[in-house]
Every structure is written in structure tokens, then in C-alpha cells.
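Taking it in order: structure first as C-alpha cells, then the write-up.
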Amino acid sequence: MTALRTAIRRISLSWTAWHTTAIIVFGAFALGLLPFVKMGLVVNGAILGAIIAVGAIGLTLIYGILNFANIAHGDYMTMGAYLTLFIVGGALSALGMEAQGFGPFTFGYPTLIALPIAVALVAAGAIALDVAIYRRLRDRGVSAVVLAMASLGVAIALRGLVQIVWSGDAQHLPRQSKPVFHLPMDVRVPPDAIFVALVALALVSAVYLTLTRAKMGKAMRATADNPQLALVSGIDTQRVIWWTWGMGAALAATAGILLAVFQAQMLPSMGWRFLIPLFAAAILGGIGSPYGALVGAFVIGVASEVSTQWINPSYKPAVAFGILIVMLLARPRGIFGSSG
Amino acid sequence: MALLEVSNLVAGYGETEILHGVSISVDEGEIVTIIGPNGCGKSTLMKAVVGLVDVRSGRVTFSGADVSALPPQRIARSGLCYVPQTDNVFPSLTIRENLEMGAFVRNDDFSERMDEMFDMFPDLGSRPSLRAGSLSGGQRQMLAIARALMLDPVLLLLDEPSAGLSPGMVGSVFERIRGINRAGVSLLLVEQNARQALSMSDRGYVLSSGENRLEDEGQALLDNAEVARLYLGGSRDRTESDSPK
Ligand SMILES: Nc1ncnc2c1ncn2[C@@H]1O[C@H](COP(=O)(O)OP(=O)(O)OP(=O)(O)O)[C@@H](O)[C@H]1O
Ligand SMILES: [Mg+2]
């Protein structure tokens with residue numbers, strides 16, 4: 001009996017976030033092995049999850065460090081996609097760069113050139129918005145709800161701006177159709193999905209390295225832990241806030257571009273409609289925890305994609321929302337949420 | 001001229017005024033202790049000095065410069081470091097990362113300073129990659145002090161460094177504090193273990209309801225009958241009965 005008890009105790013002590021993650025990932029693919037679940041949907045969901053993760057990590061960082069629920073996060077995604085379109089179709093095509101079908105991908109190298117420029121523009125815009133609006137509100141000591149409402153206003157304004165400039169019709173980056181990869185178990189992977197997954201992986205690793213190795217990344221975590229102690233340690237928390245906006249918005253913009261590539265089209269409402277999966281992923285993992293957002297995004301991506309086997313795809317956000325509600329009832333702090 | 005000079009300080013939170021004109025000073029090399037009943041404004045005084053609470057009127061000068069209107073990070077850079085009463089470590093950061101954050105404004109190589117801290121606090125040095133949130137109360141307090149020492153402060157403000165510690169641990173914390181002072185750091189303490197703190201202090205202040213009540217040499221305050229009755233309690237050792245949770 002005691003031996004059993006110590007064994008259980010030892011297992012629960014050495015239980016780490018990695019174990020939980022491993023179980024979730026293996027669980028998802030085991031799901032795909034079931035005869036009534038298509039493996040292709042699981043794979044598709046994992047790729048969608050990668051896009052959600054890139055957005056949700058930024059959202060959760062901004063929430064954890066600024067205590068700010070950024071309702072405009074989805075529209076930062078939209079801005080990223082449309083600015084890329086603008087740069088590719090405007091400046092680069094004027095320079096004679098009109099290539100499509102780069103390697104196995106549908107898009108051309110002009111998209112790869114435009115991507116970092118658009119991302120930098122969105123990051124700079126997010127910092128400018130903080131200076132122009134959010135900092136003033138913070139300095140007046142307004143509540144988190146007022147800040148969230150201000151960002152709702154920004155979200156509506158950005159979406160309107162996109163609609164005025166680019167119209168409400170669907171648009172797409174210049175593309176050339178390319179053969180789809182056929183894998184066993186009837187899994188078909190479009191080549192662009194590989195690009196999406198690779199970029200997402202690179203970004204998630206970059207965020208991880210920044211937060212654990214870079215001085216500014218550690219200062220971000222310190223500020224999230226205790227802003228007052230950060231101040232009295234000599235950390236310029238205003239600078240930390242701007243870095244957080246820059247990083248969070250850059251991630252959002254990239255997620256928007258990846259989504260536009262993956263879905264082969266963009267709409268002014270694409271980011272706004274992505275907000276529920278973003279928040280669901282962030283809250284599912286434990287809001288404020290970047291690692292949690294990654295795992296949460298995977299769960300939301302796979303679950304909403306697999307659900308389309310039985311229910312209408314337009315209910316995907318409802319699936320994300322449903323998972324979120326169940327999670328909040330069962331474990332309000334999220335999978336990796338800390339106490340307090 | 002005193003190293004730290006607080007004169008007629010008025011400060012508070014929102015509508016409420018907590019400090020109604022407090023004056024204290026710390027000379028170079030001194031240990032100065034502030035005692036007073038719960039809620040009389042000791043912590044508020046420290047927060048106002050380090051810039052976390054706005055100074056409404058009065059002046060705070062440090063090394064001759066007026067710091068009353070400076071933001072906290074600028075005050076820390078000038079050599080005045082502070083250990084808060086509660087929440088004084090970054091729980092999700094490791095021990096080493098906490099010390100790195102203490103040295104955030106240093107652009108030089110501070111690994112030597114970190115090694116000194118690990119020598120001074122061997123508990124921290126033995127497992128530097130442990131998360132601060134998993135440390136015991138005493139180890140946390142050591143880490144909080146070490147974090148504040150990373151900038152080589154001229155003056156260190158410690159808000160109840162012995163609160164909540166076991167009697168054995170209290171003695172060891174006081175021993176370190178004495179050592180820090182011997183190494184040339186001036187100290188301003190707030191303490192509930194008034195007897196122990198005053199006995200090692202050059203001077204002490206008694207605060208009550210946000211005003212100066214008494215000021216004297218440490219030993220003289222210990223011998224003062226009124227202080228003894230009001231703040232030192234009857235027993236010799238108040239470490240157990242007096243430590244707030
Ligand atoms: N952040 C705050 N907002 C509003 N009031 C506060 C705040 N912090 C402290 N107070 C109030 O200010 C008064 C003084 O608090 P302070 O923490 O300075 O007392 P203290 O002397 O340090 O007490 P203790 O011995 O319990 O630490 C108390 O009445 C307290 O309730
Ligand atoms: Mg106090």
C-alpha cells in the first residue's frame with residue numbers, strides 16, 4: 001500500500017508540462033487513427049493550431065505583462081495580411097517583382113520580401129497606438145475593462161479602414177496552383193501548409209529563446225510577475241511595454257499572413273473572426289502563459305477542425321467557445337495557469 | 001549633510017493621506033530603524049522614498065539631490081535600493097534570473113557580484129536555477145535582499161526583513177544585515193522585531209499615525225520606558241508572537 005502511495009506521489013511530483021503536452025499531442029493523433037475520424041482533419045487542425053498559436057502567444061504576452069485584453073489583436077492580423085498584399089501588389093510589382101510559385105509554394109518570393117516589412121509596420125503601428133491611446137489611459141489609472149473597450153474601438157476602426165481601402169471583397173496574394181502532397185491515411189497536405197508550419201515553429205522557438213535568454217525577455221517575465229518590483233529594480237517598464245507590443249503585434253501580423261496564405265484568401269473580417277479561437281487558446285492554456293497558449297492553440301485547432309466531420313464548418317468558433325466554457329467550469333486557471 | 005534626508009513628507013493613496021509630514025534622516029554608514037504600530041505608515045514612507053508612492057509635499061533628498069519627483073527606476077539607478085515587505089521576488093523567475101533583474105541597469109559584467117551574493121547566501125548559490133516561487137520564506141527573503149544588493153547600493157531600504165520567519169532564521173537574517181552594513185552600505189530598516197533591530201541600530205524613529213513620535217539612539221529607545229511599554233511588549237523575545245503571518 002505504502003509502496004503504491006509513494007509511487008503515485010513520485011509520479012505526480014515529476015509530472016511536468018511536457019508530459020501534459022505529450023499526452024495531448026499523442027491523443028490528438030491517436031484520435032486520427034480511429035476509424036470514424038479522418039486523419040486529414042487532425043493534420044489540418046494541427047496546422048490551423050500553429051496559426052492560432054502564433055496569434056495567441058502574442059495575445060497572452062500582452063495580457064500577462066500589461067494586464068490588457070487586446071480585442072484588436074485579430075485586426076492586427078488582418079492588417080498584416082493586407083499590408084503584405086499592398087506591398088506585393090504595389091511597391092514590389094512596380095519594381096518588376098511579380099514572381100509566383102516560389103519552390104513548391106503557391107506564392108512568390110515577393111511575398112517573402114513583403115512579409116517582414118508588413119510585420120514591422122504592424123509592430124510599429126501597435127507601439128504608436130500605445131503611445132497615442134493606451135499609455136494615456138494607463139497613466140490615468142483606468143481599469144482593465146476600459147482598456148479592453150478602447151481596444152474594441154481600435155478593432156472596429158482598423159476593420160473599417162481595411163474595408164475602405166481594399167473593399168469588403170475577398171482578395172488573395174498572387175498565386176500559382178501547385179500539387180498537393182499525398183501522405184498515407186488519405187492525408188493531403190497543401191505545400192503552403194508546410195510553409196505555415198515552419199514559420200510558426202520558427203517563431204515559437206524565437207519567442208521561447210527571447211523570454212528565457214534575452215535580457216528584455218526576462219524583464220518582460222519579471223514585469224508580468226510583479227511590475228512594482230520591476231520598477232524598483234531599475235527596469236524601465238515603459239520600454240518593456242513597448243517591446244511587448246512590438247513582439248505581440250509582430251506575431252499577430254505574421255499569423256494574419258499565414259492565415260491568408262493557408263486559406264488562399266483574405267477578408268476584412270478574417271482577424272476579427274479569429275478572435276474567439278485566439279482567446280479560447282490563450283485562456284485554455286492559462287492566460288498569461290505563452291507555453292499554455294501554444295498547447296491551447298493545438299487543442300482548439302484540432303478540435304474545431306475535427307468537428308467539421310460531423311457539423312457545419314461555420315460552427316467552428318462555437319466549438320472553440322464550447323471547449324472554453326467546459327474548461328472554465330472544470331479548471332478556471334487553464335491547463336498551465338498558475339495560482340494567484 | 002545626511003545621505004538620505006526626508007523632510008515634512010506628505011503622501012498617501014487616492015483620497016486618503018497616510019503620512020502627514022514625516023521627517024527622518026540617515027547618515028552615511030548608519031543603521032536606522034523605524035518602528036511603530038501596524039498601519040501607521042512605515043511601508044508607505046519607504047514607498048514614497050523610492051518613488052512608488054507620489055510625494056504630495058515635502059522633500060526627499062539623496063546624496064544631496066532632490067529625488068522626490070523621480071520615477072522608481074531612476075531612484076534605483078542612483079544607488080538607493082529597496083526590498084519591499086511582501087512580494088519581493090519574481091516568483092516565476094529562477095534565482096539567477098532574479099539576481100539578473102536586480103542588475104538590470106548594469107551594462108558591465110556583474111558575474112563577480114553574483115558570485116559574491118552566492119557566497120553570502122549559500123542557499124541561493126547551491127541551486128541557482130530553482131524558481132523563486134518554490135523557495136521557503138527565509139530563502140525568499142535572502143533572495144530579495146541579494147536582488148537589491150546587485151546594484152551595489154549606497155543605501156538599502158529593508159521593509160520588515162524578518163517578518164514571518166522562524167526565530168532561528170530571524171537571527172541569521174539580522175546577522176546578514178549587520179554584515180551588509182559592515183561592508184559599507186547604509187541601512188534604513190522597518191522592523192517588528194523592534195528589540196533586536198534597535199539593539200544593532202545607530203538610531204531609531206518611532207512613527208505613529210503617519211507622524212514622527214520619537215527619535216533617539218537605538219539603545220536609548222530600548223531603554224525608554226514608554227517605547228518599551230508600547231512597542232517592545234513585556235517579553236524579551238517577541239519574534240514568535242509578533243511576526244505577522
Ligand atoms: N495600496 C494602498 N492603497 C490604499 N491604502 C493603502 C495601501 N497600502 C496601504 N494602505 C493603507 O495605508 C495605511 C498605512 O499602511 P502601511 O502599509 O504604510 O502601514 P505599515 O506601518 O507598514 O503597517 P504594517 O506594520 O502592517 O506593515 C494603512 O491604513 C493601509 O491600510
Ligand atoms: Mg508595512
Side-chain angles (χ1 to χ4, degrees), chain A residues 13-17 60-61 63-65 67 135 138-143 208-243 285-293 333-334 336-340, chain B residues 13-14 43 46-54 70-94 96-107 110 129 131-134 140 143-144 146-153 156-159:
Chain A
L13 278 180
S14 60
W15 192 263
T16 65
T60 217
L61 280 176
Y63 185 87
I65 295 163
N67 200 14
R135 181 171 65 160
R138 262 199 314 277
D139 287 349
R140 271 188 233 161
V142 304
S143 71
Y208 174 79
L209 289 176
T210 305
L211 291 177
T212 53
R213 304 283 159 82
K215 190 172 171 183
M216 187 44 75
K218 293 176 192 175
M220 286 177 173
R221 285 160 57 217
T223 306
D225 264 9
N226 189 338
Q228 294 220 328
L229 190 62
L231 274 176
V232 301
S233 300
I235 296 172
D236 185 346
T237 51
Q238 185 60 59
R239 252 181 69 213
V240 171
I241 287 172
W242 287 336
W243 273 99
I287 190 134
S289 153
Y291 187 70
R333 292 197 199 296
F336 300 111
S338 52
S339 52
Chain B
Y13 307 93
S43 296
M46 286 202 157
K47 288 186 208 162
V49 169
V50 299
L52 285 179
V53 166
D54 285 343
L70 286 188
Q73 71 272 23
R74 295 274 303 280
I75 294 178
R77 283 160 203 232
S78 71
L80 198 169
C81 294
Y82 160 68
V83 178
Q85 180 174 356
T86 54
D87 300 322
N88 50 20
V89 297
F90 299 111
S92 72
L93 271 58
T94 65
R96 183 184 294 281
E97 287 171 339
N98 265 271
L99 297 184
E100 285 170 8
M101 290 301 107
F104 186 80
V105 301
R106 290 179 65 153
N107 291 316
F110 52 79
S129 50
R131 275 166 28 112
S134 63
R140 260 184 209 229
L143 177 59
R147 194 217 88 241
L149 287 174
M150 286 300 290
L151 283 186
D152 269 317
L156 184 61
L157 270 52
L158 296 173
D159 196 346

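- Nearest heavy atom pair, residue A:A219 against residue B:M101, reads CA-SD, 3.6 Å.
- In this structure, the side chains of B:V50 and B:P72 stay at 4.5 Å or more apart for every pair of heavy atoms.
- In this structure, chain B has heavy atoms under 4.5 Å from both the backbone and the side chain of A:A230.
- Within the 4.5 angstrom heavy-atom criterion, atoms from both the backbone and the side chain of B:P91 approach chain A.
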Distance-only donor-acceptor screen, chain A against chain B, under 3.5 angstrom:
{"residue": "A:K215", "atom": "NZ", "partner": "B:F104", "partner atom": "O", "Å": "2.7"}
{"residue": "A:K218", "atom": "NZ", "partner": "B:E100", "partner atom": "OE1", "Å": "2.5"}
{"residue": "A:R221", "atom": "NH1", "partner": "B:E97", "partner atom": "OE2", "Å": "3.2"}
{"residue": "A:R221", "atom": "NH2", "partner": "B:E97", "partner atom": "OE1", "Å": "2.8"}
{"residue": "A:D225", "atom": "OD1", "partner": "B:S92", "partner atom": "OG", "Å": "2.9"}
{"residue": "A:D225", "atom": "OD2", "partner": "B:S92", "partner atom": "N", "Å": "2.7"}
{"residue": "A:D225", "atom": "OD2", "partner": "B:S92", "partner atom": "OG", "Å": "3.0"}
{"residue": "A:N226", "atom": "ND2", "partner": "B:D87", "partner atom": "O", "Å": "2.8"}
{"residue": "A:S233", "atom": "OG", "partner": "B:R147", "partner atom": "NE", "Å": "3.0"}
{"residue": "A:G234", "atom": "O", "partner": "B:R77", "partner atom": "NH2", "Å": "3.0"}

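- Neither the backbone nor the side chain of B:L80 comes within contact range of chain A; no heavy atom of the residue lies under 4.5 Å from a heavy atom of that chain.
- Neither the backbone nor the side chain of B:I75 comes within less than 4.5 Å of any heavy atom in chain A.
- When heavy atoms are compared at a cutoff of 4.5 Å, B:V83 does not approach chain A at all.
- Looking at A:L231 and B:P71, their side chains never come closer than 4.5 Å, going by heavy atoms from C-beta outward.
- Closest approach of B:L151 to B:A76, counting heavy atoms only: CD1-O, 3.7 Å.
- Annotation: side chain of A:L61 is in contact with side chain of A:P290 (closest heavy-atom distance under 4.5 Å).
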